Amino acid sequence: MGYKEVYQSWLDNPYFDEATKDELRSIADDDAQIKDRFYADLEFGTAGLRGVIGAGINRMNVYTVRKATQGLANYIIKMGGQDKGVAIAFDSRRMSPEFADEAACCLAANGIKAYVFESLRPTPELSFAVRKLGCISGINITASHNPPEYNGYKVYWEDGAQITPPHDKGIMDEVKAVTDYATVKTTSVDDAKAKGLYNVIGKDIDDPYIEALKKNVLHPEAIAQTAKDLKIVYTPLHGTGNLPVRRVLKELGFENVFVVPEQELPDGEFPTVSYPNPEAAEAFELAMALAKDKDADLVLATDPDADRLGVYVKDAKGEYHCLTGNMSGSLLADYEIGQKKAVEGSLPADGELIKTIVTTNMVDAIAKYYGIKVTECLTGFKWIGKEILRMETSGKGQYLFGFEESYGCLIGTHARDKDGIVASMALCEAAAFFKANGKTLWDAMTDMYDKYGYYKDNVISITHKGIEGLEKIKNIMETLRNNPPKQLGDYKVLVTRDYQKDEICDLATGQKKPTGIPNSNVLYYEMEDDAWLAVRPSGTEPKIKLYYGVVGSDMDDAEKKSAVLGDQVKALLDTLG
């Protein structure tokens, strides 16, 4: 059927409720809206679902959530895991509690027990809960840092990480096989509870989760020494981080934690920001005003599902500096690994530092200094989780730290997803440690540049909305793939990596070898002078992303080189798009 026929079928089918039909009737004269909502199913991809809330097959609504859950239930039953149950969490977004209940009721109707958090919880706690409860799977209702009109549905497997092969494909196939919404099973919350298939969780997971975080503290004595003087400003950006961040910092002894009052309470409209993303300067406007008023040492912001952390730090002159995800990740990596060695006397001989393929090369310099292995994986923290699982199941390798450039890291192995709560805790501990030694976090950052090199990394996101935008992104990737550039701006390309073809090519010799990483639509260019560029379409948004890095002789030199390369790369894409 064409999109108009599918639209009409929703209006005619008694399965769909009247509120849904009223919303669809309101767009009867808007062909573009009808097409956008019904030209294709909201894709259940490797990251689950993410889309605009509303009626239609290409929207997040109770029907698409039920359909996705029926597919997941069918896969769980095929795998013989129905007796283990599924943990479900949700964030502060519109419809998040309702979507969580819809998922739980569908699972219950399929005979699968659901463990549903009593109220909103951060993403990393869902990952923790899956393993703590011994569940076969987990569902998290969140659209992370997307604008307010979005919501999403992330699926986790029993290792606590988001789904990876072979489970991702297995679940996707089962979801696609559900073609008739009316065949999806469901029940009521009351009936599910009566049958013991809807279980409410809360404090029984909160307490062990917080205790697991606190086990990662390396210098409690530094916290005790500086707790009365160190000043921290924090904003949860209307999301899930408020209670757990404040709790763990209070229990560790930090006395001066100031929460931005306008952004403290959960609110899916995100009224104080247009885009609740800790990467955006706008998200920090209120926090920075409070920081200057309180003369705070550091300023923290978690995104709505609290798996990512944005940071500003104050230098000795009282000026504040923004740390990118690469900067804060490198700072925490160096602190955690260096202080682990200092406290324990040595590092594991098979210790590993995990990074994604678009993360700063400063990681390699840190690992070389400490004599540990760097393991690269695809973009998306689930691949770091898969590396942790690989170490555990093989008995080879010990996880020391992992992070990606998009403001996400994991300290410890209590979860298998990035954790903005433990990152907040660790950064505050690091601030206490350096303060006890007469330094600021900015001093520590500049010390790293002096020690490892002046690495400057950046990312540019270019949005192409709608069907035409997706086609434009596809054409850009195909053009670059079929005609690899030999020169990018001022830099000669030395090596190309095509992760979709599983091919690394040395342009000087023509020699080719496999990447050793699962297939993904990413192109990577190694250039002279340690510069690099990676190009990939976003898996969750209608964007193409350009990641690039340079190394300078000092910070000013690195900044200039980065700005020039960024302009040159954007100009190249303009000619392709």
Side-chain angles (χ1 to χ4, degrees), residues 15-20 23 42 44 48-56 59-77 82 84-123 125-127 129-130 133 135-144 148-156 171 175 178 181-206 239-240 266-269 304-305:
Y15 177 74
F16 300 105
D17 64 73
E18 282 304 310
T20 294
E23 181 181 334
L42 183 63
F44 190 99
L49 297 172
R50 190 175 295 188
V52 174
I53 300 166
R59 290 289 187 271
M60 282 290 297
N61 52 64
V62 296
Y63 303 109
T64 52
V65 167
R66 285 179 192 166
K67 178 185 173 183
T69 309
Q70 185 63 57
L72 174 61
N74 292 344
Y75 184 75
I76 288 171
I77 292 167
Q82 60 267 37
K84 294 183 177 181
V86 176
I88 301 176
F90 57 91
D91 67 6
S92 60
R93 288 181 175 271
R94 304 171 190 167
M95 298 296 293
S96 283
E98 292 86 350
F99 290 161
D101 276 351
E102 289 291 347
C105 288
C106 180
L107 290 169
N110 284 275
I112 300 170
K113 183 183 293 186
Y115 297 92
V116 186
F117 275 104
E118 62 189 355
S119 58
L120 75 172
R121 291 297 191 281
T123 285
E125 189 170 351
L126 182 276
S127 175
V130 168
L133 295 168
C135 293
I136 187 66
S137 182
I139 298 169
N140 194 22
I141 306 298
T142 178
S144 187
E149 62 268 25
Y150 282 80
N151 211 329
Y153 178 107
K154 294 180 182 178
V155 179
Y156 292 70
I171 294 169
V175 174
V178 180
Y181 284 88
T183 63
V184 174
K185 298 177 183 179
T186 191
T187 187
S188 69
V189 171
D190 288 342
D191 285 346
K193 286 182 176 178
K195 294 177 181 177
L197 295 173
Y198 186 110
N199 299 267
V200 178
I201 55 176
K203 190 175 185 298
D204 51 331
I205 303 298
D206 296 340
T240 61
D267 190 333
E269 301 300 324
D305 65 324

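All of these numbers come straight from a predicted model, not from anything done at the bench.
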* Which residues satisfy the ring pair (Phe, Tyr, Trp, His ring centres under 6.0 Å) test with Y63, sequence neighbours excluded? ->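 In terms of ring pair (Phe, Tyr, Trp, His ring centres under 6.0 Å), with neighbours along the sequence ignored, Y63 is linked to W10, Y15, F16.
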Under the side chain to side chain contact (heavy atoms under 4.5 Å, CB included) test, residues paired with [X] that sit two or more places apart:
X	result
N199	K113, Y115
S137	L72, I76, V86, V155, W157
T187	C105, A108, A109, D191, A192
L42	L49, N58, M60

Determine yes or no for a side-chain-to-main-chain donor-acceptor pair under 3.5 angstrom, with [X] supplying the side chain and [Y] the backbone.
X	Y	result
R93	G239	no
T240	P304	yes
N61	G56	yes

Got a sec, which residues hit side-chain hydrogen bond (donor to acceptor under 3.5 Å, both in side chains) with [X], two or more places apart in sequence or on another chain?
X	value
T123	N140, D305
E23	R37
S127	none
E118	R121

* Residue pairs passing the salt bridge (charged side-chain N to carboxylate O under 4.0 Å, His left out) test where at least one lies in residues 64-77, sequence neighbours excluded ->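 Counting only pairs at least two positions apart or across chains, the salt bridge (charged side-chain N to carboxylate O under 4.0 Å, His left out) contacts touching residues 64-77 are D41-K67, R66-E102.
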* Asked: Got a sec, which pairs hit salt bridge (charged side-chain N to carboxylate O under 4.0 Å, His left out) with one end in residues 195-205, sequence neighbours left out?
  ->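 Residue pairs with at least one partner in residues 195-205: K203-D207.
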* How would you list, by chain and number, every residue that makes a salt bridge (charged side-chain N to carboxylate O under 4.0 Å, His left out) with E149, sequence neighbours excluded? ->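 So E149 forms no salt bridge (charged side-chain N to carboxylate O under 4.0 Å, His left out) with any residue.
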